[in-house]
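No hydrogens, no waters, no symmetry mates; every other heavy atom, side chains included, goes into these values.
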Amino acid sequence: MIACGFNLFLIPHRLLSGGVSGLAMLVGYFTPFNISLLYLLFNVPLLVAGWFQLGRRFIVMSILSVGATTWLMALIPTTTVASDMLLASVFGGVLVGVGAGVSFRVGGSSGGFDILGSIITRYRDFPIGNVLVGMNALVILAAAYFDNNWNLALASMVSIYVSGRVVDLIHISHIKVTVYIVTTRTDELLKQLLVLQRGVTKIKTEGAYSHIERDMLMTVTTRYELAELKRIIKNSDPQAFVNIVETVGVMGSFRKR
């Protein structure tokens with residue numbers, strides 16, 4: 001989806017997507033270098049930095065995303081799908097945002113400033129899309145300066161804004177949820193849940209109808225980490241009763257990851 005957003009909507013109109021991909025496009029527009037190759041090369045140092053800050057699994061998934069995007073950019077022909085520049089910026093931004101958001105949801109990123117954004121949101125509880133929009137604005141200002149065309153720069157801003165909003169709709173790591181798990185396999189679940197480095201509270205419960213005593217585990221996590229939590233519950237106790245409630249706010253020691 002990212003490769004389609006680039007080759008079918010943004011690049012034909014010389015628009016930028018922002019971040020490292022925007023830098024690759026900017027250099028590619030004014031030099032004979034291939035944009036897909038520049039996209040790969042510019043991502044390498046950020047992937048190396050992310051390896052030490054964000055963990056091995058995150059970066060491995062990001063490398064897969066960057067590699068697949070680079071390969072598909074080389075395969076998909078650069079063709080003008082939308083003749084209107086504004087429409088191209090909007091739909092290109094949607095495609096890039098969906099691709100980046102899905103990459104985040106499965107535990108990786110689409111590389112570039114996504115990695116920088118993930119490092120920042122690890123220590124500050126900001127919506128990651130807003131962080132990316134702020135950093136990408138710098139690339140747009142550079143494009144306006146070198147190309148001397150504010151129409152392209154403004155249309156690129158629209159694309160980046162749309163992409164950032166779509167990422168937030170899909171990624172939603174800043175949204176907290178409280179998970180209640182009623183289980184008979186407490187020890188097995190706790191062994192895996194505590195690896196996630198989230199606090200877990202154990203509460204003794206009794207079924208009103210069956211009068212069977214069970215444990216209820218309560219934990220607060222993010223929507224981003226919820227997929228991993230569901231996987232653990234399904235593997236450890238498929239019969240567990242799980243109630244997931246969106247959390248308005250959290251006070252106290254809640255680790256921002």
Side-chain angles (χ1 to χ4, degrees), residues 50-62 97-98 100-110 114-134 164-210 212-257:
W51 182 275
F52 298 100
Q53 290 288 329
L54 301 174
R56 181 175 300 178
R57 184 180 185 278
F58 178 87
I59 295 303
V60 168
M61 297 294 286
S62 300
V98 170
V102 170
S103 295
F104 277 120
R105 284 293 292 270
V106 299
S109 76
S110 58
D114 292 350
I115 294 177
L116 291 180
S118 296
I119 294 174
I120 292 173
T121 54
R122 185 181 182 188
Y123 302 101
R124 294 289 185 271
D125 197 19
F126 297 140
I128 195 168
N130 292 348
V131 175
L132 298 180
V133 168
R165 298 304 298 170
V166 172
V167 167
D168 277 343
L169 288 174
I170 297 175
H171 178 47
I172 52 178
S173 67
H174 57 287
I175 298 178
K176 312 297 185 295
V177 294
T178 300
V179 182
Y180 300 93
I181 311 162
V182 180
T183 179
T184 56
R185 301 181 181 178
T186 305
D187 293 337
E188 186 177 346
L189 265 172
L190 282 176
K191 184 178 180 180
Q192 297 190 59
L193 291 178
L194 293 176
V195 175
L196 299 178
Q197 300 182 0
R198 294 293 187 198
V200 182
T201 300
K202 184 168 70 172
I203 305 168
K204 289 293 183 181
T205 63
E206 179 182 332
Y209 177 77
S210 64
I212 297 177
E213 290 190 353
R214 291 186 176 89
D215 291 323
M216 182 171 70
L217 305 179
M218 182 189 74
T219 184
V220 179
T221 186
T222 66
R223 287 286 298 272
Y224 172 59
E225 297 165 330
L226 188 58
E228 177 67 12
L229 184 60
K230 287 181 178 179
R231 186 192 64 79
I232 290 175
I233 297 171
K234 184 176 180 180
N235 291 338
S236 301
D237 185 5
Q239 303 302 319
F241 174 79
V242 182
N243 184 23
I244 302 170
V245 182
E246 188 167 316
T247 302
V248 175
V250 177
M251 297 177 64
S253 56
F254 181 83
R255 185 168 182 260
K256 301 176 179 65
R257 300 177 62 185

Partner residues of Glu206 under the side chain to side chain donor-acceptor pair (under 3.5 Å) criterion, sequence neighbours left out:
His211
Which residues pass the side chain to side chain donor-acceptor pair (under 3.5 Å) test with Thr219, not counting sequence neighbours?
none
Checking Lys191 now: which residues fulfil side chain to side chain contact (heavy atoms under 4.5 Å, CB included) with it, not counting sequence neighbours?
none
Residue pair [X] / [Y], side-chain heavy-atom distance below 4.5 Å:
{"X": "Val200", "Y": "Leu190", "answer": "yes"}
{"X": "Glu228", "Y": "Thr221", "answer": "no"}
{"X": "Val245", "Y": "Asn243", "answer": "yes"}

Is there a side chain to side chain contact (heavy atoms under 4.5 Å, CB included) between Ile233 and Val242 once you walk through the steps?
CA-CA 9 Å; Ile233 297 171; Val242 182; 3.8 Å; yes
Considering all heavy atoms of both residues, which atom of Arg214 and which atom of Ser210 are nearest to each other, and what is their separation?
NH1-OG, 4.3 Å
Report all side-chain donor-acceptor pairs from residues 177-185 shorter than 3.5 Å, counting only partners two or more places apart or in another chain.
unit_1: Thr178; atom_1: OG1; unit_2: Thr247; atom_2: OG1; d: 2.7
unit_1: Thr183; atom_1: OG1; unit_2: Arg185; atom_2: N; d: 2.9
unit_1: Thr183; atom_1: OG1; unit_2: Asp237; atom_2: OD2; d: 2.5
unit_1: Arg185; atom_1: NH1; unit_2: Ser236; atom_2: O; d: 2.9

What distance separates Glu213 CD from Thr205 OG1, expressed to the nearest 0.5 Å?
8.0 Å
